[in-house]
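Scroll down for the structure; my scribbles are underneath it.
Note that the coordinates shown come from a computational prediction; the quantities given were computed from them, not determined experimentally.
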Protein chains: 2
Amino acid sequence: MSSTRVLLLGVLLDGPLHGYEVRRRLEMWAADGWANVAYGSIYHGLGKMADEGLLHRVEEGRGGKTLYEITEAGRAEFMVRLMNHWWEIKPIVDPFQVALTFMDRLSPADLVVAMEARSAQLKAAIGMLGRAIEAKRAHGAPRHIDEILRLNAAQLEAQRNWIGDALERVRRGELP
Amino acid sequence: MSSTRVLLLGVLLDGPLHGYEVRRRLEMWAADGWANVAYGSIYHGLGKMADEGLLHRVEEGRGGKTLYEITEAGRAEFMVRLMNHWWEIKPIVDPFQVALTFMDRLSPADLVVAMEARSAQLKAAIGMLGRAIEAKRAHGAPRHIDEILRLNAAQLEAQRNWIGDALERVRRGELP
DNA sequence: AAGTTTTTATTCAAATTTGCGTACCATGTC
DNA sequence: GACATGGTACGCAAATTTGAATAAAAACTT
């Protein structure tokens, strides 16, 4: 939940919001792609952190809308956790690595087909990211959010290069 | 649970094992670094899949050791899910992206320090991966498992390059 | 203005993951 | 043989995540 917490606290830094709006903001910075931020997670996280004193519940009239406001303790917590995220190198979790683990369970022919297909798909995905960056901030997200997309593209590119390389070796029978 | 399932089924492909041994194998291919494979997950997953008919429980005498054997349905499931993993481009989940999201919440000076530190740490991590690959298979994992490490190193390298780039821009005041 | 769709806002059960607690058994050791 | 040590093997409560269900309000249709 560590990442979820940072995201929630971070979104609330500039003023109280209710759960739905929190979700909107996260979607805006495309965080829904790379973090665990389904509705349930958000409401759960907000509730939990309110119980812990990192947030403060502000009832907002009828409907039962609940605004969550970050507390001083919340701000402190945010900073601590944010720094952790900068300093810790955590292994990258990519389901594709699971596929690689069982490389040897596919026939060489199937493997080559799968690798070629993935390479093509990566190319398309990278292109799309590029275009998304061009089509600047249609959504009003801050500038530095593109950087995340750029980093993403670079990592996909790295994966693609690796595939190109490995493909050769598979063709020469050196892999798996 | 999709990835967990593939891993569990995949490990059982060559013969029945009990939970503890499954864990050992996964550790052996360093899968514990990049997948969700705590003990609880394993026993839960094995039990669940046994209930679903993908695995078959084989009691092994005293102690209550339970061996799990993959069924035909299980093999089919494995193949389907494995192929999914090859064909789907899922966004890479890296907690560091959370840190990037809030780039603008650090003072420029702190940001520069954090980026430099991370770059250095990445360098070290990449070096370690390299050496781990050199120190070939101390553990008896199949050859193609190094490839995962190699891919990992490449992606970390990409991250490091990105940081180098962004650092310049931060210094010039173009970011965030 | 009645009816329909969309957007807003939240809740809930079910699935999953974590990490620690608990045994058991073999081995060495004094 | 009493006893510590460490590897083997599993269970469980608590925390987290998901995804779908719900329902009120706003916006649009006719």
Exercise. If you check every side-chain atom of A:Lys48, which of D:dA15, C:dT8, D:dG11 has the closest atom?
Worked result: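 Nucleotide nearest to A:Lys48's side chain: D:dA15.
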Exercise. Nearest of D:dT16, C:dG19, C:dT10 to any side-chain atom of A:His18?
Worked result: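 For the A:His18 side chain, the nearest candidate turns out to be C:dT10.
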Length of the line joining [X]:[atom1] and [N]:[atom2], which is rounded to integer Å:
{"X": "A:Lys65", "N": "D:dA26", "atom1": "NZ", "atom2": "C1'", "result": "11 Å"}
{"X": "B:Tyr20", "N": "D:dG11", "atom1": "OH", "atom2": "P", "result": "15 Å"}
{"X": "A:Arg5", "N": "D:dT17", "atom1": "CZ", "atom2": "P", "result": "9 Å"}
{"X": "A:Tyr39", "N": "D:dT22", "atom1": "OH", "atom2": "P", "result": "17 Å"}
{"X": "B:His44", "N": "C:dA14", "atom1": "NE2", "atom2": "P", "result": "14 Å"}
{"X": "B:Glu21", "N": "D:dG7", "atom1": "CD", "atom2": "P", "result": "15 Å"}
{"X": "A:Arg57", "N": "C:dT10", "atom1": "CZ", "atom2": "P", "result": "12 Å"}
{"X": "B:Leu17", "N": "D:dA9", "atom1": "CG", "atom2": "P", "result": "11 Å"}

Under 4.0 angstrom, heavy atoms only, what part of the nucleic acid is [X] near: base, sugar-phosphate, or nothing?
{"X": "B:Gly40", "answer": "base"}
{"X": "B:Arg23", "answer": "nothing"}
{"X": "A:Val22", "answer": "nothing"}

Exercise. What is the bend of the helix from C:dA1-D:dT30 to C:dC30-D:dG1 when you compare the axis at one end with the axis at the other, using five pairs each and rounding to 10°?
Worked result: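 Axis-to-axis angle, ends of the helix: 0°.
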For this session: Not counting sequence neighbours, list each pair that qualifies as a ring-ring contact (aromatic ring centres under 6.0 Å, His included) and has a residue in residues 150-176 of chain A.
Result: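 Of all non-adjacent pairs touching residues 150-176 of chain A, none passes ring-ring contact (aromatic ring centres under 6.0 Å, His included).
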For this session: Could you name each residue pair satisfying side chain to side chain donor-acceptor pair (under 3.5 Å) that touches residues 90-102 of chain B, not counting sequence neighbours?
Result: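 Sorted pair list: B:Asp94-B:Gln159.
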Problem set entry | Closest-nucleotide 5' rank along DNA chain D - winner of B:Gly19 and A:Ile42 |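 Result of the comparison: B:Gly19.
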Exercise. Under the side chain to side chain contact (heavy atoms under 4.5 Å, CB included) test, which residues partner A:Ala73, sequence neighbours left out?
Worked result: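 Per chain and number, A:Ala73 pairs via side chain to side chain contact (heavy atoms under 4.5 Å, CB included) with A:Leu54, A:Thr71.
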For this session: With sequence neighbours left out, write down each residue that passes side chain to side chain contact (heavy atoms under 4.5 Å, CB included) with B:Arg171, or none if nothing qualifies.
Result: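 B:Arg171 satisfies side chain to side chain contact (heavy atoms under 4.5 Å, CB included) with B:Val112, B:Glu116, B:Leu167, B:Glu168 once adjacent residues are dropped.
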For this session: Look at A:Thr4 and D:dT17 and indicate whether a side-chain polar atom (N or O) is within less than 4.0 Å of OP1 or OP2.
Result: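 Answer yes for this pair, as a side-chain N or O of A:Thr4 is under 4.0 Å from OP1 or OP2.
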Exercise. Is the distance from OP1 or OP2 of D:dT18 to the nearest side-chain N or O of A:Ser41 less than 4.0 Å?
Worked result: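 It does, given that an N or O in the side chain of A:Ser41 lies less than 4.0 Å from OP1 or OP2 of D:dT18.
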Exercise. What's the shortest heavy-atom distance between B:Leu26 and B:Val11, and which atoms?
Worked result: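 Minimum heavy-atom contact is CD2-CG2, 3.5 Å.
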Exercise. Is there side-chain contact between B:Leu55 and B:Leu9, with at least one heavy-atom pair below 4.5 Å?
Worked result: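 Result yes, sub-4.5 Å side-chain heavy-atom pair found.
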Exercise. Excluding sequence neighbours, so at least two apart, what forms salt bridge (charged side-chain N to carboxylate O under 4.0 Å, His left out) with A:Arg105?
Worked result: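 Applying salt bridge (charged side-chain N to carboxylate O under 4.0 Å, His left out) to A:Arg105 gives B:Asp14.
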